[in-house]
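Worksheet for the structure shown next.
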Amino acid sequence: MFYKNDWCKNKHIDPVSICTFSNKFEEGNLGLFRPKKDLCDRCESFKTGNLDSENYEAHILKKEESRMEKNNDKENKKYLTFTMDLQALLMCPKSTVSSLYYKMKLSVHNMTFFNLETKDGYCFLWNETEGGLSSNEFGTIISSFVLSLLPLPTDKEKIILYSDGCAYQNRSAIICNALLHIAITKKVVIEQKYLEVGHTQMEADSIHSTIERRLRLRNIQVPADYISVIREARISQPYSVQYIEHSFFKSFNDHLFYRSVRPGKGVGAKCVSDVRAFMYHPEGIIKFKLNFSDNWSDLPQRRIMTMKPTNLQDIPNLLGNRRKIKKRKYDDLQDLKAILPVDYHQFYDSIPFMDK
């Protein structure tokens, strides 16, 4: 339609037939680019007739409400608003050598934050020997990031964090209590809001795509090589990156104000996955919303009154040493040293591994 109605019309020429156009398109070895995008399970279920229209319309309404809520917060200059997400798994080493395809490699993780007002990007990078993917790791990273924003600028009222609804990553009791600690100790209001499942595309994803484009022509010898890739990914406004070691992560298991953040009690009550937003108040209260259009409600859970706010550095470490990988993966990494410069061999020799 563009060729016929716009291009040919502007050039004042007659369009060729669809057959001629298709033949020339194939002769030129051309193709139409289709952006890679994950499809929503519920939307696809509705298309195939496996989801009724009532549930589908409720799903679409939640999607539109979450998008509108994020846009409103983005436009409000009184709020510090961020989106956050974990990048798809990175691997190390990385190169075009064919032998890498058949070997197990070291997993590298990158947690990202994106400032909706300034467009600044922040990355927290670690490999699997320094930390895992539990609520304590994410609670430490999110807490550390929020603390780096304080004290709030005089023109800002609160901090808002948008994410998907991944339970261990964004929606657990550990993370809620970690953010409540900050709200109490620093006298700041923090809100955590969740986008609708299947429609969680957000600005933090642009960090991931920019990094991936930069990676196409780069070899990665050790996990720390990702630092320079991330810093160089966006030239005009470089991303900030922090490389994390195991001593960075904290254990919040014994520092809980609330053992549960479920918005209801008893059989049939609402679950944590139904919550659309949490608010962490300086008075030590957690409030929640099941819909963005609702008013804030107090969390109907008993608070552990004996707990007192503690500075992040005073909370015990999650790990005493680096995490061990499986022996098979260690052996594969040793084999891969053959394609790596000798300067990098010591890193792979120092990786702890299980005996079996």
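Reckoned from all heavy atoms, side chains included, excluding hydrogens, waters and symmetry mates.
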Polar side-chain atom of [X] near backbone of [Y] as donor-acceptor pair, under 3.5 Å:
{"X": "Q334", "Y": "Y348", "result": "yes"}
{"X": "S143", "Y": "T140", "result": "no"}
{"X": "S240", "Y": "Y122", "result": "no"}
{"X": "K63", "Y": "A58", "result": "no"}
{"X": "Q87", "Y": "I207", "result": "no"}
{"X": "D225", "Y": "Q221", "result": "yes"}
{"X": "R171", "Y": "V272", "result": "yes"}
{"X": "N76", "Y": "N72", "result": "no"}
{"X": "E196", "Y": "I60", "result": "no"}
{"X": "T112", "Y": "C123", "result": "no"}

Surrounding [atom1] of [X] (heavy atoms of other residues, nucleotides or ligands, distance under 6.0 Å), is the total greater than 12?
{"X": "D52", "atom1": "CG", "result": "yes"}
{"X": "K329", "atom1": "NZ", "result": "yes"}
{"X": "K265", "atom1": "NZ", "result": "yes"}
{"X": "N295", "atom1": "CG", "result": "no"}
{"X": "R218", "atom1": "CZ", "result": "yes"}

Does the gap between the ring centers of Y226 and Y243 come in under 6.0 Å?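 Ring centres of Y243 and Y226 not closer than 6.0 Å.
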Between [X] and [Y], is there a shared hydrophobic cluster once you connect ILVMFWY residues whose side-chain heavy atoms come closer than 4.5 Å?
{"X": "V261", "Y": "L256", "answer": "yes"}
{"X": "M279", "Y": "Y79", "answer": "no"}
{"X": "I351", "Y": "L125", "answer": "no"}
{"X": "L336", "Y": "M91", "answer": "no"}
{"X": "M111", "Y": "L319", "answer": "yes"}

Restricting to non-hydrogen atoms, name the atom on [X] and the atom on [Y] that form the minimum distance, rounded to 0.1 Å.
{"X": "E232", "Y": "I235", "answer": "O-CD1, 3.3 Å"}
{"X": "D205", "Y": "Q201", "answer": "OD2-CA, 3.4 Å"}
{"X": "I184", "Y": "H281", "answer": "CG1-O, 4.2 Å"}
{"X": "V189", "Y": "P282", "answer": "CG2-CD, 3.8 Å"}
{"X": "S134", "Y": "L318", "answer": "OG-CD2, 4.4 Å"}

Is there any ring-ring contact (aromatic ring centres under 6.0 Å, His included) pair reaching into residues 176-212, and which pairs are they, with sequence neighbours excluded?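 Those involving residues 176-212 are H59-H199, H181-F257.
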Salt-bridge criterion met for K47 and E44 (N-O under 4.0 Å):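 Salt bridge present between K47 and E44.
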Between the side chains of K326 and E128, is the shortest nitrogen-to-carboxylate-oxygen separation below 4.0 Å, so that they form an ion pair?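 A salt bridge is absent here (no side-chain N lies under 4.0 Å from a carboxylate O).
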Excluding sequence neighbours, so at least two apart, what forms side-chain contact (heavy atoms from CB on, under 4.5 Å) with [X]?
{"X": "S172", "value": "S135, I174, I175"}
{"X": "E245", "value": "E130, S247"}
{"X": "Q346", "value": "none"}
{"X": "K193", "value": "E69, D73, I160, Y162, E191, A277, F292"}

Regarding S293 and N291, do their side chains bring together a donor and an acceptor under 3.5 Å, going by distance alone?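 No.
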Side chains of N50 and T48: donor-acceptor distance under 3.5 Å anywhere?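 Looking only at side-chain atoms, T48 and N50 do form a donor-acceptor pair, the distance falling under 3.5 Å.
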Please name the residue in the list F145, F113, F114 that meets the ring pair (Phe, Tyr, Trp, His ring centres under 6.0 Å) test with F82.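 Checked F145, F113, F114 against F82; only one passes ring pair (Phe, Tyr, Trp, His ring centres under 6.0 Å): F145.
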Mind checking ring pair (Phe, Tyr, Trp, His ring centres under 6.0 Å) for Y258 and listing every partner two or more places apart, or none if nothing turns up?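 Testing Y258 for ring pair (Phe, Tyr, Trp, His ring centres under 6.0 Å), a comparison that skips the adjacent residues, returns none.
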With side-chain contact (heavy atoms from CB on, under 4.5 Å) as the test, would you mind laying out the steps for W126 and F249 before giving the verdict? CA-CA 11 Å; W126 73 102; F249 295 112; 4.0 Å; yes
side-chain hydrogen bond (donor to acceptor under 3.5 Å, both in side chains) assessment of K94 paired with N219: CA-CA 5 Å; K94 172 188 174 296; N219 290 337; 5.6 Å; no
Could you walk me through whether L116 and E203 pass the side-chain contact (heavy atoms from CB on, under 4.5 Å) test, one step at a time? CA-CA 7 Å; L116 297 187; E203 291 79 357; 3.5 Å; yes
